[in-house]
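Heavy-atom basis, side chains included; hydrogens, waters and symmetry copies ignored.
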Amino acid sequence: MIIGITKMYKEIADLIGFEDYEMVNPYKEKCNCDFLIISNGYKERVKKLNPNAEIFEVRSATFKDFIESLKELEKLGFGNKEKINNSIEFLKNKEKEIKKLSKNLNAKVNPKTDFVRKVVEDLDLEISDDGILIIPDYLFDGKERDDAIILKTHNYDLGLVERIEDRYLQIINNLRGFYERTH
């Protein structure tokens, strides 16, 4: 079986113990793979170019999403069980460390998308229409704003786990900065 992993998800190979895979770009080209690991939300697009491949969409907005994705890959028979269990434990510890940082943030937030909502819910922040607006960068119009947090969602310079962690930390740090400026 030929397994293809996109560049964005190459870290999955290490986290589950894959050693035999190909780096591919199934979003733009046909790949000679039986199984493709891709970003969530792109299945139809990838299926058009790769109709014979089985496609697995990774969810990675939150640590919980990503842990579930690793568990699903294990259920499908991919990876090394011990390696996956160690990776899940590592991710749970990362999540705990970050959530400690948000414990005393008495902030109301207004997430603009479901993606952002998942992250703020995971941080146990209060969601309210009159809360601080959090906008993902892909919806930001570029105009200067001091009434909102612009969340950089796809920092490709970071590894996959670092990107998840970065989203949480951006929200936490920006909320702290927001309250320091306004109080």
Side-chain angles (χ1 to χ4, degrees), residues 1-99 111-124 134-139 151-171:
M1 174 180 275
I2 301 171
I3 299 165
I5 301 177
T6 63
K7 183 179 179 184
M8 185 170 159
Y9 289 109
K10 68 182 178 190
E11 194 172 339
I12 283 180
D14 294 330
L15 292 170
I16 69 172
F18 266 158
E19 292 179 15
D20 190 22
Y21 65 94
E22 293 180 19
M23 292 289 292
V24 295
N25 185 357
Y27 310 111
K28 295 186 178 184
E29 57 195 39
K30 181 170 177 28
C31 306
N32 185 27
C33 296
D34 303 303
F35 189 84
L36 293 169
I37 297 176
I38 67 167
S39 295
N40 190 33
Y42 292 91
K43 189 173 190 169
E44 285 182 34
R45 178 177 172 182
V46 170
K47 197 68 170 165
K48 285 179 186 172
L49 291 168
N50 300 278
N52 298 324
E54 184 177 346
I55 297 172
F56 182 83
E57 292 180 289
V58 176
R59 291 177 323 281
S60 60
T62 65
F63 284 105
K64 284 183 175 92
D65 285 343
F66 191 48
I67 288 168
E68 285 307 309
S69 289
L70 295 182
K71 287 178 180 179
E72 287 175 35
L73 282 167
E74 181 185 8
K75 283 179 192 170
L76 292 170
F78 291 101
N80 172 295
K81 187 177 181 83
E82 184 179 341
K83 184 81 169 163
I84 292 170
N85 289 335
N86 289 340
S87 294
I88 288 171
E89 196 59 37
F90 165 75
L91 293 169
K92 285 179 178 179
N93 287 332
K94 271 264 189 233
E95 181 181 31
K96 274 186 213 169
E97 288 173 29
I98 290 172
K99 282 184 166 186
K112 195 68 175 164
T113 64
D114 289 339
F115 175 82
V116 174
R117 176 179 286 275
K118 287 179 87 165
V119 178
V120 299
E121 284 176 344
D122 201 34
L123 285 169
D124 294 324
I134 303 179
I135 305 168
D137 55 0
Y138 55 85
L139 292 180
L151 184 66
K152 188 172 182 182
T153 57
H154 292 86
N155 191 341
Y156 293 110
D157 295 336
L158 301 175
L160 177 58
V161 174
E162 291 173 313
R163 277 195 301 275
I164 298 168
E165 182 178 18
D166 183 60
R167 285 183 211 120
Y168 286 73
L169 292 175
Q170 281 184 69
I171 291 171

Approximate separation, where rounding is to 0.5 Å, of Leu160 CG and Glu165 CD: 11.5 Å

Residue pairs fulfilling ring pair (Phe, Tyr, Trp, His ring centres under 6.0 Å) with at least one residue in residues 44-89, sequence neighbours excluded: Phe18-Phe78, Phe35-Phe78, Phe63-Tyr168

Residues forming a ring pair (Phe, Tyr, Trp, His ring centres under 6.0 Å) with Phe90, sequence neighbours excluded: none

Any salt bridge (Lys or Arg N to Asp or Glu O under 4.0 Å) pairs touching residues 20-37, not counting sequence neighbours? none

Side chain Lys47, main chain Ala53, donor-acceptor under 3.5 Å: yes

Only pairs at least two apart or in different chains count here, so list each salt bridge (Lys or Arg N to Asp or Glu O under 4.0 Å) that has a residue in residues 75-85. Glu74-Lys81

State whether the side chain of Glu162 and the backbone N or O of Gly159 hold a donor-acceptor pair below 3.5 Å, judged by distance alone. yes

With the side chain counted from C-beta on, respond yes when Ile67 and Thr62 share a heavy-atom pair under 4.5 Å apart, and no when they do not. no

Taking atom NZ as the centre, does Lys10 end up with more than 12 heavy-atom neighbours from other residues, nucleotides or ligands that are less than 6.0 angstrom away? no

Value rounded to 0.5 Å, distance of CG in Asn52 from CG in Asn50: 8.5 Å

Would you call Ile38 and Val58 a side-chain contact if the rule is heavy atoms closer than 4.5 Å? no

In the structure I gave you, are the side-chain heavy atoms of Pro26 and Thr6 within less than 4.5 Å of one another anywhere? yes

Please answer whether the main-chain N or O of Met8 pairs with a side-chain N or O of Arg163 as donor and acceptor at a distance below 3.5 Å. yes

Should Val119 and Ile171 count as side-chain neighbours, where that means a heavy-atom distance under 4.5 Å? yes

Under the side-chain contact (heavy atoms from CB on, under 4.5 Å) rule, what do Leu151 and Val116 come out as? Steps first, then yes or no, please. CA-CA 8 Å; Leu151 184 66; Val116 174; 4.0 Å; yes

Other residues, nucleotides, ligands: >12 heavy atoms within 6.0 Å of Tyr21 OH: yes

Between Phe115 and Ala61, what is the shortest heavy-atom contact and its length? CE1-CB, 3.5 Å

Between Glu97 and Asn93, is there a side-chain donor-acceptor contact under 3.5 Å, judged purely by atom types and distance? no

Taking the side chain as everything from C-beta on, heavy atoms only, tell me whether Lys112 gets closer than 4.5 Å to Pro136. yes

What I want to check is whether the side chains of Ser60 and Tyr9 have a donor and an acceptor closer together than 3.5 Å. yes

Does Asn32 reach the side chain of Ile2, with side-chain heavy atoms less than 4.5 Å apart? yes

Going by the rule side-chain hydrogen bond (donor to acceptor under 3.5 Å, both in side chains), which residues pair with Arg45 if we only count those two or more places apart in sequence or in a different chain? none

Arg59 and Glu68: CA distance, side-chain angles, deciding distance, salt bridge (Lys or Arg N to Asp or Glu O under 4.0 Å) verdict: CA-CA 8 Å; Arg59 291 177 323 281; Glu68 285 307 309; 5.3 Å; no

Salt bridge (charged side-chain N to carboxylate O under 4.0 Å, His left out) with Asp65: which of Arg167, Lys118, Lys71? Lys118

What heavy-atom pair brings Leu70 and Ser87 nearest, and what distance separates the two atoms? CD1-CB, 4.3 Å

Non-hydrogen side-chain atoms of Leu15 and Asn86 separated by less than 4.5 Å: no

Among Asp166, Thr113, Asp137, which residue satisfies the side chain to side chain donor-acceptor pair (under 3.5 Å) criterion with Thr153? Asp137

Smallest heavy-atom separation, Cys33 atom then Leu36 atom, equals CB-CD2, 3.7 Å

Could you pull out all residues at least two apart from Lys64 that satisfy side-chain hydrogen bond (donor to acceptor under 3.5 Å, both in side chains)? Asp122

